[in-house]
Amino acid sequence: MKILVATEKPFAKTAVDGIAKVISEYGDELQLLEKGTHSDLVAKVADVDALIVRSDIVDAEVLNAAKNLKIVVRAGAGYDNIDLNAATQNGVCVMNTPGQNSNAVAELVFGMLILMARNRYDGTSGFELKDKTLGIHAYGQVGRNVARIAKGFGMKVSALDPFVSDDVLIADGVMPIHNVDELYANNQFVSLHIPATAETKKSVNAALIEKMPVNGTLINTARKEIIDEESLIKALNSRKDIRYVADVKPDMAEAITEVAGDRVFYTPKKMGAQTAEANINAGIAAARQVEEFLHNGVEKFRVNK
Ligand code: 3PG
């Protein structure tokens with residue numbers, strides 16, 4: 001069977017080697033499309049049995065063109081890039097690989113936090129993370145890793161997640177918060193880890209951001225879609241002390257930078273999962289999930305019906 005690994009943002013070579021090894025163990029054929037466009041993907045999926053992607057868009061056009069396709073695995077956590085309804089209609093199973101790249105994303109949170117706390121290393125006096133308050137918005141795999149690392153820095157950590165019981169948070173030394181306004185009002189740093197869904201898109205807005213304490217910093221390593229960018233501009237304008245850092249450039253980056261200058265920082269390309277370890281973990285997990293599904297019908301981590 002043919003398995004296409006299509007990543008506009010290529011995996012590290014060691015990860016591709018690991019994926020190739022898994023696929024050869026099952027006697028299947030690896031096809032690779034790196035740095036391809038959406039039309040390249042549409043052309044390349046025509047005769048493949050399985051597809052492994054990262055943030056690459058797998059829409060109805062891709063799914064309709066893939067006549068032999070049985071499974072798509074998103075090597076990573078967020079699967080908002082895949083049209084689940086179109087996949088279901090085409091009889092295609094969709095999975096993600098939860099947790100495999102979460103430490104990489106969590107480490108980047110602190111990389112960006114320190115960059116801002118030390119004024120981009122410009123020689124001026126910044127501030128420390130120790131004893132500062134950090135609110136984690138959604139306590140999934142990334143949120144948990146953020147909490148673990150934050151405690152190492154001596155931060156006071158709290159989290160909001162209606163799907164996680166207080167006991168779990170308390171056992172991790174994290175203070176539960178049950179109200180979104182409190183999350184923003186009580187924490188100098190707020191780190192976003194909510195998925196991009198119909199409910200969460202544009203849900204982070206000026207009304208929340210303006211509640212942050214003096215010198216508040218909002219860190220977004222989730223998805224740009226969860227931010228109401230027009231509203232963010234309003235908040236950065238009314239509150240000249242607030243900072244915004246994001247793993248991936250906002251759509252309105254120019255307008256945001258015009259208002260906030262050095263108070264904002266964005267990665268040019270999504271960098272959270274760009275480590276050799278995360279590529280290896282997510283890539284190999286994806287390859288194994290594909291093979292176990294194709295050969296043994298294992299549906300663990302299926303996300304569509
Ligand atoms: C994820 O959802 O797993 C992360 O955002 C990483 O995305 P990427 O694989 O496109 O870097």
Side-chain angles (χ1 to χ4, degrees), residues 4-16 18-19 32-38 40-41 50-59 62 72-84 87 94-112 136-146 149 161 191-198 200-201 204 218-227 245-251 265-290 300-304:
L4 174 63
V5 175
T7 51
E8 187 275 322
K9 196 169 52 188
F11 283 130
K13 188 180 177 307
T14 41
V16 177
I19 292 168
L32 202 55
L33 173 65
E34 289 183 330
K35 301 184 184 173
T37 61
H38 185 258
D40 295 335
L41 179 56
L51 174 62
I52 295 174
V53 291
R54 294 183 64 177
S55 300
D56 309 82
I57 303 296
V58 181
D59 54 14
V62 172
V72 179
V73 178
R74 193 284 191 237
Y79 45 87
D80 47 304
N81 52 319
I82 300 175
D83 185 333
L84 296 188
V94 180
M95 296 181 185
N96 66 347
T97 64
Q100 299 292 349
N101 59 20
S102 47
N103 181 65
V105 179
E107 287 190 12
L108 184 70
V109 167
F110 291 89
M112 295 199 301
I136 300 175
H137 199 164
Y139 202 67
Q141 304 269 6
V142 181
R144 283 160 213 233
N145 277 287
V146 168
I149 299 168
D161 193 325
S191 190
L192 299 171
H193 303 291
I194 49 179
T197 64
T200 64
K201 282 183 183 167
V204 179
L218 180 65
I219 310 122
N220 180 14
T221 54
R223 291 287 182 272
K224 64 182 176 187
E225 289 80 4
I226 64 177
I227 305 285
V245 289
D247 180 21
V248 90
K249 206 170 164 185
D251 291 333
F265 172 81
Y266 343 103
T267 54
K269 235 178 200 203
K270 199 156 176 55
M271 289 290 300
Q274 277 298 61
T275 65
E277 292 87 344
N279 290 174
I280 291 167
N281 293 344
I284 293 178
R288 284 206 190 286
Q289 286 173 221
V290 160
K300 195 173 173 194
F301 301 126
R302 183 173 188 144
V303 295
N304 66 333

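Order of appearance sets the numbers: ligands from 1, and atoms from 1 within every ligand. Please read these numbers as outputs of a predicted model, since none were measured by experiment.
We find the OH-NE2 distance between Y139 and H193 to be 11.0 Å, quoted to the nearest 0.5 Å. With values rounded to the nearest 0.5 angstrom, I149 atom CD1 is found 5.0 Å from N103 atom CG. In this structure, CD1 in I19 is found 5.5 Å from CD1 in I52, a value given to the nearest 0.5 Å.
For ligand 1, the 4.0 Å heavy-atom shell contains residues K9, R54, S55, R74, G76, A77, G78, N101, R223, K270, A273.
The number of heavy-atom neighbours closer than 6.0 Å to NZ of K249, taken from other residues, nucleotides and ligands shown, is 12 or below.
Side-chain contact between I57 and E8 is absent, with no heavy-atom pair separated by less than 4.5 Å.
Scored by the side-chain hydrogen bond (donor to acceptor under 3.5 Å, both in side chains) test, S102 finds N145 as partners (sequence neighbours excluded).
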